[in-house]
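Order of the sequence lines sets the chain letters (A, B, ...), proteins ahead of strands, with each chain counted from 1. All heavy atoms count here, side chains included; hydrogens, waters and symmetry mates do not.
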Amino acid sequence: MSTSSYKSYKIIQYENRIEVSTIKDFSLKDIFSCGQCFRWLPTDDGNGYIGVVKDRVARMYFNDGTLTIFGANYDDFCNIWYDYLDLGTDYGLIKKQLAAIDSNLDAAVNFGAGIRILKQEPFETLISFIISANNNIPRIRGIIEKLAKQYGEKIEFEKKFYRKFPECEILGSSCENELSLCCHAGYRCAYIEKTCKQFMQSPFESDMLKNMSLAQARKFLLGYMGVGNKVADCILLFTGSHLDAFPVDVWVKRVMQTLYFQKEISIKQVELFAHEHFGDLAGYAQQYLFYYAREKML
DNA sequence: CCCCAGGCAGTTA
DNA sequence: TAACTGCCTGGG
């Protein structure tokens with residue numbers, strides 16, 4: 001066991017885990033079930049979550065401000081988990097600012113008080129949200145796991161085997177028909193095949209998107225087959241590239257109509273209103289509102 | 001049998 | 001540029 005610190009966090013490292021203390025505004029349930037990711041599942045004991053990020057499997061628990069990560073050491077925390085879990089952002093401040101905007105957001109940020117917007121891998125996010133289109137969450141998860149099992153590298157963790165998300169080159173070398181037989185993603189398989197080939201030609205990194213304006217970055221992502229406005233905004237938000245992106249899906253449209261309009265309106269109108277009303281915090285607002293809508297309104 | 005699910009591409013007017 | 005339509009698949 002050894003004690004150290006990184007940024008504002010105290011870290012105790014044990015043989016098979018680390019404990020990170022004094023974390024505020026944080027809940028694993030809120031983070032992993034607010035709709036931004038597909039590969040985290042509750043642990044068998046029901047108290048934590050286990051998931052795969054990059055080439056790592058981690059098992060996490062959170063109690064009284066202390067995050068325990070099995071499968072991580074101090075260096076992993078600094079190089080992977082600190083950024084992935086967005087531990088450098090002051091969510092207390094963000095929630096305070098959002099709550100001051102109106103009573104709807106006040107309720108939403110209190111409901112999802114532990115949400116953090118994960119900084120996820122560009123390629124994985126791209127493919128995952130292409131799969132998400134006109135689909136339901138259990139199926140999306142299933143399709144991604146089938147792809148990982150077929151095309152992803154094997155990882156051993158605590159005597160069990162897991163799979164990395166597939167590399168673009170591997171996934172892209174598979175044809176539509178082969179993909180379809182593997183993962184049953186239907187017509188989305190053609191999008192996956194095409195987009196992998198496009199990504200090999202013109203990949204993107206979060207920093208690259210950050211250097212573009214929101215509109216430019218969105219237009220860039222729309223160039224990939226199977227990426228429309230909503231999926232593009234999800235990629236911008238969930239890779240941590242543009243935290244002012246405001247993805248409008250059926251849930252967000254529904255909750256915005258109910259809370260702000262009391263009538264049917266177009267997606268375009270929702271987007272315009274959100275950017276005017278929430279400004280730079282639009283992406284955060286979207287997550288709190290989406291989670292609030294999904295868990296409370298139905 | 002129907003409808004729906006975290007939209008998208010392709011086609012019209 | 002806005003409106004319309006068909007769509008793999010699996011579950012209810």
| message | Quick check: any donor-acceptor pair below 3.5 Å linking the side-chain of Tyr187(A) to the base of dG7(B)? | response | yes
| So, is the end of the Lys154(A) side chain (NZ or CZ) under 6.0 Å from the ring centre of Phe161(A) and within 45° of the ring's axis? | yes
| request: Specify whether Phe204(A) and Phe220(A) have parallel, tilted or perpendicular ring planes, treating 30° as the upper limit for parallel and 60° as the lower limit for perpendicular. | output: perpendicular
| task | Find out if a path of hydrophobic residues (ILVMFWY) with successive side-chain heavy-atom gaps under 4.5 Å connects Phe290(A) to Tyr91(A). | result | yes
| said: With a cut-off of less than 4.0 Å, is there a side-chain N or O of His184(A) near OP1 or OP2 of dG10(C)? | reply: yes
| request: Identify whether any heavy atom of Tyr224(A) sits under 4.0 Å from a base atom; if not, whether one sits that close to sugar-phosphate; answer base, sugar-phosphate or nothing. | output: sugar-phosphate
| Heavy atoms under 4.0 Å, any strand shown: does Val227(A) hit a base, just sugar-phosphate, or nothing? | sugar-phosphate
| message | Between Arg139(A) and dA5(B), is there a contact of a side-chain N or O with OP1 or OP2 at under 4.0 Å? | response | no
| task | Rounded off to whole Å, could you give me the CZ-to-P distance for the Arg141(A) and dG10(C) pair? | result | 18 Å
| query | Using the P atom in both, what is the distance from dT11(B) to dC8(C), to the nearest Å? | reply | 15 Å
| Can you tell me how far P of dC8(C) sits from OH of Tyr191(A), to the nearest Å? | 8 Å
| request: Using whole Å, report how far CD1 of Ile143(A) lies from C1' of dT9(C). | output: 8 Å
| Nearest-Å distance, CG (Asn134(A)) to P (dC3(B))? | 15 Å
| said: Taking the cut-offs as 6.0 angstrom to the six-membered ring centre and 45 degrees off its axis, would you call Arg188(A) and Tyr191(A) a cation-pi pair? | reply: no
| field | Nucleotide paired to dT11(B) in any strand shown, Watson-Crick or G-U, under 3.5 Å | value | dA3(C)
| message | Within the 3.5 Å criterion, strictly below it, is a donor on Asp45(A) or Thr43(A) matched to an acceptor on the partner's side chain? | response | yes
| query | How do Gly226(A) and Asp249(A) order along DNA chain B: which one's closest nucleotide is nearer the 5' end? | reply | Asp249(A)
| said: On DNA chain B, does the nearest nucleotide to Met225(A) precede the nearest nucleotide to Asn136(A) from the 5' side, or the other way round? Give the residue. | reply: Asn136(A)
| said: Can you confirm whether more than 12 heavy atoms, excluding those of Glu205(A), are under 6.0 Å from its CD atom? | reply: no
| message | From CD1 of Ile192(A) over to P of dA9(B), roughly how many Å is that when rounded to an integer? | response | 13 Å
| said: What is the separation between atom CG on Leu221(A) and atom P on dA9(B), rounded to the nearest whole Å? | reply: 12 Å
| message | Checking contacts here: which listed nucleotide (dA5(B), dG6(B), dC8(B)) is nearest the side-chain heavy atoms of Phe290(A)? | response | dG6(B)
| If pairing requires Watson-Crick or G-U wobble contacts with both distances under 3.5 Å, which nucleotide is the partner of dG12(C)? | dC2(B)
| To the nearest angstrom, how far is Ile137(A) atom CD1 from dG7(B) atom P? | 10 Å
| Separation of Lys219(A) atom NZ from dT1(C) atom C1', in whole Å? | 14 Å
| field | Separation of the C1' atoms in dA3(C) and dG6(B), to the nearest angstrom | value | 22 Å
| message | Using a heavy-atom cut-off of 4.0 Å across all strands, would you classify Gly35(A) as base, sugar-phosphate, or nothing? | response | base
| task | Please state the P separation for the pair dC1(B) and dC7(C) - nearest whole angstrom. | result | 16 Å
